Amino acid sequence: MGRFSSFAAELARNKTLLLGLLLLLTICLLAVLGPFFVDFANSRVGATIPRSPPTPEHWFGTDGQGRDMFTVMILAMPQTLRIGITAGLISLSVGVALGLVAGFAGGWVDTVIRLASDVMMTIPGIAILVLVAANVREMTVELMAVIVATLSWMVAARTIRAQTLSLRERGYVQVARLNGTSGLKLVFVEVLPNLLPFIAASFVITVSNAMLATVGLEALGLGPQNELTLGMTIYWAQFYGAIIRGMWWWWGPPILTIATIFVGLMLTSAGMDSFVNKRLGAN
Amino acid sequence: MTANYWDYVARRFGIMLLVVFLAVSINFALPRLMPGDPIENQLNQLMASGGGAMGDVGAMVASYRARFGLDQSIVTQYLAYWQSVFSLDLGFSLTNYPERVGDAILAGLPWTLGLLGFATLVSFTVGTLLGGLMGWPRSPRLLKSFGSGVLLLSSVPYFLIGMILLYFFAVVFRIFPAGGGMPFGMSAGFNLETIRAIAWHATLPLLSIIIAEIGAWAIGMRGMMVSVLGEDYIALADAKGLRPRRIFLRYGMRNALLPQMTKLAMALGHIVSGAILVEVIFSYPGIGFRLYQAIQSKDYFVVQGIVLLLSVSIAIAMFILDLIYPLIDPRIAKGK
Amino acid sequence: MNKLLEVRAASVSFSGKQALANVSLAAGGAHPAITAVVGESGSGKTTLLRMLLGFQHPTSGEVIYDGQPLTRMDGAAQKRFRREVQAIFQDPFDAFNPFYKIDHPLLAPLKAFGLSASRDQSYDRIEKTLRSVGLNPAQTLGKYPHQISGGQRQRVMIARALLLEPQIILADEPVSMVDASLRSTILEILYELNRSRGISLIYVTHDLTTAYQVADSIVVLHGGQIMEVGATEEVIHDPAHPYTRSLIEAVPSPDPDTPWNLNQARPPVLAPRDQVLLYPTGPHRAVAAPARAGEIAVTAAQIQLAVSQAKADAVVA
Amino acid sequence: MSVPVVEVDQLVIDYGTRGGVFRAVDDVSFSLNPGERFGLVGESGSGKSTTILALMRMLRGGRVSSGRMRLNGRDLAEVSDAEYRSLRFAEISLVPQGAMSSLNPVLRIGEQMGDIFDDHGVRHTRGQRATIIRELLTQVGLPPEVRHRYPHELSGGMKQRVCIAMGIALRPSLILADEPTSALDVIVQKQVLATLGRVQQDLGAAVILIGHDMALMAHFVTRLGVMYKGKLVETGSVRDIFANPQHDYTRMLINSLPSFDRLKSFRSGAARPVRPAAFQEGV
């Protein structure tokens, strides 16, 4: 009864999950390996003839300032993923911690955390992002990740809180208390392992939310101006009217890549949902 | 309605007040938390980027400093800020001086409300119905596979769909206009022609939101429908010999709709965020586009004003949805 | 000699709603005995149990173990209480963490309370205890909870409690989710824990028949208050409170020829709204009634202790 | 002798599972005369509920592989799905097991009862409908105002009575009661069972009661069938079965019945040595 082989068997049955993970894996491979095969110089302004449609030399054409779009894409992908994954990890840690504390401590601690997450859900994330971004001197990839993370921890916090609340009442937690287990050990040894599927599912959703916020912020022109990211590429395309001018190769590739990432995330999340629920049903 | 209902309303109202309070406070605090003098920072940045026709910067700085009392204590400043919020006096636009921020927002508001209201209404209704049917075992197979395609689109941000629609329907085929709220130079009046022109211009932005949003509602509803159909009361309704239509609507949809309403309240912020970018793509004259322009030209007070308005109106909209909720779910008023 | 766990005039309310009102109860003491707490859903038996385990503090009144209130114990005393007052729960599946093997809940307490010096020693002890409840260690250890039967799981849970050498075991509906054919066996194990090991038990149940099988005294709980308390034989064969009577009448006889009067089912006996007191009707018996001036009320604990005293005397004689 | 209300003849029901075909009901035959009370006992998974669901044509995932079912002389295999719908509750009704969750939480009790008349083509004026529903509620011992209530405002016993009231609304000739009292407290259980017995007598309908509590059965039905692993291992009058059980399983069921006068208390043999039987490795 290896946990790995049961996961492999699940993948074979769960086509949605498989497809989603494959899409994400492809994107990640491209992002990790791609930069080794391109010439960074081609991503600088004026490196090539501007506004050229795709040619054998420039597979994805060039943008309005003479950047080779293929190189731009290869270099932008890891940056965007970095923001998404960093933001996802930060907000997941915050969310899981808050959710566990709220679910376990109860009382006023729970009330405060729940209220905070309700309020954060109400205030449109983009509004705060805009305010912060408009107030910082220079946006960087790291700062972007932190800002986005502060706005996407609520989903994880809510899910984990709800699960913790129900796990807390489970017989085995009570038995563990009778066995002299208490405090953090109770949380980490008895509760956390059973939350793993939910944490994994929350991670996917959190990364997805973080990427959505990132791309949106960048497309508004509030992203890191001096870095290549997928969202900034769209911003510049929009800024120079690439759509109206029919320069589809400028905005097409970033859109397709972003769409692929989001579809991959959604399929993974949907696949995980049925996986997680089935595990629960089996109990 | 019972006393419990009013308890519930009071609680929800409290949360709304809290959100408004926080939104105003964040708006107040953020610029002051940043290093340096906020007014000078903004104006200097403005000067550096050379955006907008500027008068005497020194005089403007002085007027703003006096206005916000930046030399006074933080408490006084805070109270003054609340006063200006209550009197809806949000200051002047920096780039389009002497346009007032309030007026700038008011000019954009009807466009945004119309766009968002219509798109949300259509996508929520159609998506919910589609999702319900997709979760109903008697639905035709064709509908289910069509639905699955729509579901995939739901994960893509609205404005990306907007860009694709814009390219094909406005640039390549030239069926719809490429941007704006209505034709240049057309004077608005309450007549058929104006309405037609407005609808014509709004079609693509609306479609961008609706296409992406339908899937999101359908996914949620399908999941809820499937779990509701597993409930004992559906089995008993079937045993009672009720007509499938009645079981679907009165026993299935009605119950699956409840969490969907909660999600609508939760999703408002997300929808508004997405719609802002759609306005940008289509140069649609709503407050989203205005926000984008303000960010471009570093028109700080307009940015602040719009953000404040968005936060407050979403809080109010959520409160209204909260009021409606007990009317469709009798259990809520009992309170948990 | 057993330590005494005592609830004194405890009330518990949750957001204004009273779950338990002025309940006094004893477990353990000089003469180990089995007390059945009988009640239907909403009677407050779960709250009572959580209170006895220290999971729930009374709103008023107190819980005392070995002469010390739970809320004012030092660390060492708390640890002793935790080890010596154990419980067995209703759902033998839910009691196991699905993430771990059967061994986990058996090893954990030995480590937490420092009851064994090495892993080998732990396993020796675990195997011995498993055998004492009729389980084969080789067929139990190393498995996941879903790989063994419900009856086996419940026995592992009993073994877990025994490993800690408890003074008192609180059993919360231990047989209601076990197959009918195994109920008797589990009950008999519990009974023997008391008779041969001198462990005191509180047996919480909704089922008067199983209470009759094992308990020395019975406490009838209804709407958060005690309706009747007494020696088992007396309560079952001569119920004094109308609620106890209707509980007994609700149990169908296994003999089809013994009339059950299905068509004369009486309306339910409502729980008293006002506080009631227990008035003795005999040395081993007390029944609830509204407060009466001039009469001396007793607590359930007093009656329980009198019953176990009488039982001990009988054995000596 | 009149026509039997229901005849089940050599019924076989299979479920297709991943591991192959699972035979849930294997060659089961029985029949009931008008007004007769029949009990089906067996542990969970013995096939008793499956048999009932087959009579309602509500098998989810299972199918009738062979055998015959007749209702008031009519071969049920020849009834179309649409006709079957109008048969339900009109001729054959069901009192469900999970009364707690069997009522639609967002509809008033009166509306849920009214739906039955509407979808079986029974027209009433507003006043007539109200009177009929009031009478039905009174008949099961509920105050008539219950029709204005929502399910969450009722206790478990009240909900089960509402289910009984719905079951007799169209005066069926057969009532199937699937462990109608297993979720209730003992006192309420007796009252609900008494209510079911009374309305069944008023109506003259036949009833099949499903359960696992032999004693409860013994006092309600006249004839018993014992199911074990899909087979009907024993049928006969309650007295005969109790006096002379044929099958081991039946014997075990009867012997393990708890009672005050029959089963000896452990206490009666004070301070006995440990009986080895109790400590043998269990099932």
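In what follows, chains carry the letters A, B, and so on, assigned in the order in which the sequence lines appear, proteins first and then strands, with residues in each chain numbered from 1. All values reported here derive from a predicted model rather than from experimental measurement.
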Within the supplied structure, the quantity of interest is the number of heavy atoms (other residues, nucleotides, ligands) at a distance under 6.0 Å from A:Leu25 CG; does it exceed 12? yes

Taken to the nearest 0.5 Å, the spacing of A:Arg170 CZ from C:Asp91 CG works out to 8.0 Å

Main chain of A:Val189, side chain of C:Tyr100: is a donor-acceptor contact present, judged purely on distance under 3.5 Å? yes

Determine whether C:Lys111 and A:Asn179 make a side-chain contact, defined as any pair of heavy atoms from C-beta on separated by less than 4.5 Å. no

What one should report as the nearest heavy-atom pair of A:Gly180 and C:Ala112 is O-CB, 4.0 Å

Decide if atom CZ of C:Phe14 counts as having more than 12 heavy atoms of other residues, nucleotides or ligands within a radius under 6.0 Å. yes

Heavy-atom cut-off 4.5 Å, strictly under: side chain, backbone, both or neither for C:Arg50 against chain A? side chain

Part of C:Leu53 within contact of chain A (heavy atom distance under 4.5 Å): side chain

Quick one, C:Phe99 and A:Leu192 - any side-chain contact, counting heavy atoms below 4.5 Å? no

Shortest non-hydrogen separation from C:Gln86 to A:Leu178 and the atoms involved: NE2-O, 3.0 Å

What part of C:Phe113 lies closer than 4.5 angstrom to a heavy atom of chain A: side chain, backbone, both or neither? side chain

For the CZ atom of A:Arg177 and the CZ atom of C:Phe55, what is their distance to the nearest 0.5 Å? 4.5 Å

List the atom of A:Val175, the atom of C:Ala95, and the distance in Å for their closest heavy-atom pair. CG2-O, 3.8 Å

Check: C:Asn97 side chain, A:Tyr172 main-chain N or O, donor-acceptor pair, under 3.5 Å: no

